[in-house]
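Since the structure comes first, as structure tokens, the remarks are kept for the end.
Each residue takes its place number in the sequence, starting with 1.
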Amino acid sequence: MTDTVLIAGAGPTGLALAIHLALHDIPVRVIDAAASPATTSRALGLQPRGVEVLERIGALGDLPQRSQSSLNMSYNEGSRTVLRLHVGQAVADQPKQALLISQADVEGTMRQRLAELGGHVEWDTRLVTARQDDMSVIATVQTADGTEHHIETHWLIGCDGAHSTVRKLAAIGFPGRKLLERLLMVDVRAQWPLDKNGSTTWMDAGHMLSVTALPDDTWRVFTEPPADLPDQLSEREISERVLSEFSRRSGVALDTVTDIRWASEFRIHRRLADAYRRGRILLAGDAAHIQSPTGGQGQNTGLGDAENLAWKLVLVARGRADQRLLDTYEGERRSLARKVLRATSTAVDIMLPHDPWKRLLRDKVVLPVVRLPAVQRRLWLAASQLGISYRGGPLAPTSHRWMRGPRPGDRMPDLACRHLDGSQTTLHATISGRWVVLANDQHVAARHAEAAAAQLGADLIVALTPVEPHSHDVVLIRPDGHIGWRDHPAPDKLTAWLNQVLWPA
């Protein structure tokens, strides 16, 4: 039997993609080279966009109840605090807030959702080779006992991280540069007199050290070590180095440390894959792009990749669209990744400069500007990824400047709505991997939904009317929450737009 989609990598990106496909009964298989789920993780947060993605596929669970959402970030030079950011306060009026929670917890909740849909992860299963033709991909995988198996699939998706085997097998380049040569990190349990609702960073001497509060009296500490520090340190050596540096910088004693839960070292790179697709092989998440953890963009960008690719794969797998629809995935997401990489790299260069003149520029120019509430709000709205737009991209090439409000390509804000039977709902809660036709009049909504269903399939279309009249236009919202089409009532124009998108000339 041929599996429609084989996903390599059971991190947030791979799991989100698998859940979305499973929602629509697309046969999907998820493998991961790890022996078991991760219990530790580098990523610590979900931005509002990531929260929306998980909510739309029913995978948010109780993460909001287990997370922190109002965070304080302090930046120090020695004993002096030079900048304090109040994350939740800057965007308190937004419908979704950032959540501070371990990636391991996020993945656990997502695996539960996948299991509810009948899926699971095949652990200790490593991709060895992959060859493709016009019809399928033949992947060779190796299980824990060394046995090799062949899996035939229509599509192979690499969600297997920065060192992606899928990317290497597809011969896709991954150019970039190092942002920080080396970071050492430990997670410890301790009773420390620091803010338990955020993070504190010391930026003096050109070497950063940061500590972030986690649940259960746990703290994550990471630092940039001196250049002459030997490589291949043991976990004990990493812990001793990081904790002694923390105590020296903060003045906090180490006598309350009761447990060292994890110690690791890594390097921060900025890299972007040359392509997101080679025939029937595609990349998503860290396999396609990696950046500084500044702003918590990595995990959330991967979740956005998964959602964008998933709805296109569903249509292609069902025979409702030409394979060329998958090229719009790269067209929409790669340009966004480039912007994220540029922004996070700039943040590292500005906040952690090694040259004295750059530190002076930061202290005298950058920090006073960043202290302004309006600037902080703008920064956090950008980090939230709620302002992402695909205007000018392959599915929204024209700007529609004459329109008021959200335009094709823009994210559609959540709205209180009614189904055609009068029952109340919200726009985002209704999407769940489907397309939504939104119109003020029930009959208009029904007519356009019928036209869209003829192209997409009746089970992928929902018709809604807004509780508060929204616009005289009819709006077609994509499964990722972005506007696909918007115009005056005209089912034939909607049909023409879908034909153009699904079956390009």
Answer whether the closest heavy-atom distance between the side chains of [X] and [Y] falls below 4.5 Å.
| X | Y | answer |
| --- | --- | --- |
| Leu395 | Glu332 | yes |
| Leu303 | Met110 | yes |
| Asp216 | Arg261 | yes |
| Trp435 | Ile477 | no |
| Arg56 | Val51 | no |
| Trp485 | Pro408 | no |
| Thr153 | Arg29 | no |
| Pro489 | His448 | yes |

Taking [X] for the side chain and [Y] for the main chain, is one N or O donor matched with an acceptor at less than 3.5 Å?
| X | Y | answer |
| --- | --- | --- |
| Asp187 | Trp262 | no |
| Thr125 | Trp123 | yes |
| Asn300 | Gln47 | yes |
| Thr147 | Thr143 | no |
| Ser164 | Asp160 | no |
| Asp441 | Val444 | yes |
| Ser432 | Ile57 | no |
| Arg418 | Ser423 | no |
| His482 | Arg478 | no |
| His289 | Leu336 | no |

At their closest point, which heavy atom of [X] faces which heavy atom of [Y], and how far apart are they?
| X | Y | value |
| --- | --- | --- |
| Ile7 | Cys159 | CG2-SG, 4.0 Å |
| Val30 | Ala18 | CG2-CB, 3.6 Å |
| Ala310 | His20 | CB-CG, 3.3 Å |
| Leu15 | Ala10 | CD1-O, 3.4 Å |
| Asp305 | Tyr329 | O-CE1, 3.5 Å |
| Ala317 | Ile26 | CB-CD1, 4.0 Å |

Original post:
Just one of Leu464, Leu415, Ile461 clears the side chain to side chain contact (heavy atoms under 4.5 Å, CB included) bar with Val436, so which one?
Top reply: Leu464

Subject >> Positive for side chain to side chain contact (heavy atoms under 4.5 Å, CB included) with Ile281, one of Ile172, Leu156, Leu169, Leu6 >> reply: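 Looking at Ile172, Leu156, Leu169, Leu6, the match for Ile281 under the side chain to side chain contact (heavy atoms under 4.5 Å, CB included) is Leu156.
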
**OP:** Tell me, with the steps shown, if Arg113 and Glu116 meet salt bridge (Lys or Arg N to Asp or Glu O under 4.0 Å).
**Re:** CA-CA 5 Å; Arg113 176 58 173 154; Glu116 292 171 0; 3.2 Å; yes

Distance in Å, [X] [atom1] paired with [Y] [atom2], rounded so as to fall on 0.5 Å steps:
| X | Y | atom1 | atom2 | answer |
| --- | --- | --- | --- | --- |
| Leu282 | Leu313 | CG | CG | 6.5 Å |
| Gln142 | His149 | CD | NE2 | 9.0 Å |
| Lys493 | Asp487 | NZ | CG | 4.5 Å |
| Ile31 | Leu127 | CD1 | CG | 5.0 Å |
| Leu214 | Ile101 | CG | CD1 | 10.0 Å |
| Gln455 | Leu315 | CD | CG | 10.5 Å |

Is it the case that over 12 heavy atoms from other parts of the model lie below 6.0 angstrom from the [atom1] atom of [X]?
| X | atom1 | answer |
| --- | --- | --- |
| Glu148 | CD | yes |
| Glu468 | CD | no |
| Asp134 | CG | no |

**OP:** Using only heavy-atom distances, determine whether the side chains of Ser136 and Arg280 contain a donor-acceptor pair under 3.5 Å.
**Re:** no

Original post:
Hey, are Glu107 and Gln103 close enough side-chain-wise for a donor-acceptor pair under 3.5 Å?
Top reply: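 On atom types as modelled, these side chains qualify, holding a pair under 3.5 Å.
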
Original post:
Stepwise, does the side chain to side chain contact (heavy atoms under 4.5 Å, CB included) test hold for Leu46 with Gln299?
Top reply: CA-CA 7 Å; Leu46 281 170; Gln299 179 178 205; 4.2 Å; yes

**OP:** For a side chain to side chain donor-acceptor pair (under 3.5 Å) with Asp459, tell me which candidate from His24, Arg434, Arg318 qualifies.
**Re:**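 Among His24, Arg434, Arg318, the one meeting side chain to side chain donor-acceptor pair (under 3.5 Å) with Asp459 is Arg318.
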
Original post:
Going through the distances and angles, do Val462 and His419 end up as a side chain to side chain contact (heavy atoms under 4.5 Å, CB included)?
Top reply: CA-CA 8 Å; Val462 181; His419 291 283; 4.1 Å; yes

**OP:** Please assess Thr140 against Arg126 for the test side-chain hydrogen bond (donor to acceptor under 3.5 Å, both in side chains), listing each intermediate value before the final yes or no.
**Re:** CA-CA 9 Å; Thr140 303; Arg126 182 171 62 91; over 6 Å; no

**OP:** In sequence, state the C-alpha distance, the side-chain angles, and the governing distance for Leu427 and Met412, and then conclude on side chain to side chain contact (heavy atoms under 4.5 Å, CB included).
**Re:** CA-CA 9 Å; Leu427 172 63; Met412 186 70 181; 3.5 Å; yes

Original post:
Given Asp327, which of Arg277, Arg334, Arg278, Lys312 fulfils the salt bridge (Lys or Arg N to Asp or Glu O under 4.0 Å) condition?
Top reply: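 In the set Arg277, Arg334, Arg278, Lys312, the residue that makes a salt bridge (Lys or Arg N to Asp or Glu O under 4.0 Å) with Asp327 is Arg277.
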
**OP:** Would you sort out whether Leu183 and Glu265 count as a side chain to side chain contact (heavy atoms under 4.5 Å, CB included), showing the intermediate values?
**Re:** CA-CA 6 Å; Leu183 283 178; Glu265 66 173 285; over 6 Å; no

**OP:** Tell me whether the guanidinium CZ or amine NZ of Arg333 lies under 6.0 angstrom from the six-membered ring centre of Tyr276 and within 45° of its axis.
**Re:**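 Ring-cation test returns no.
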
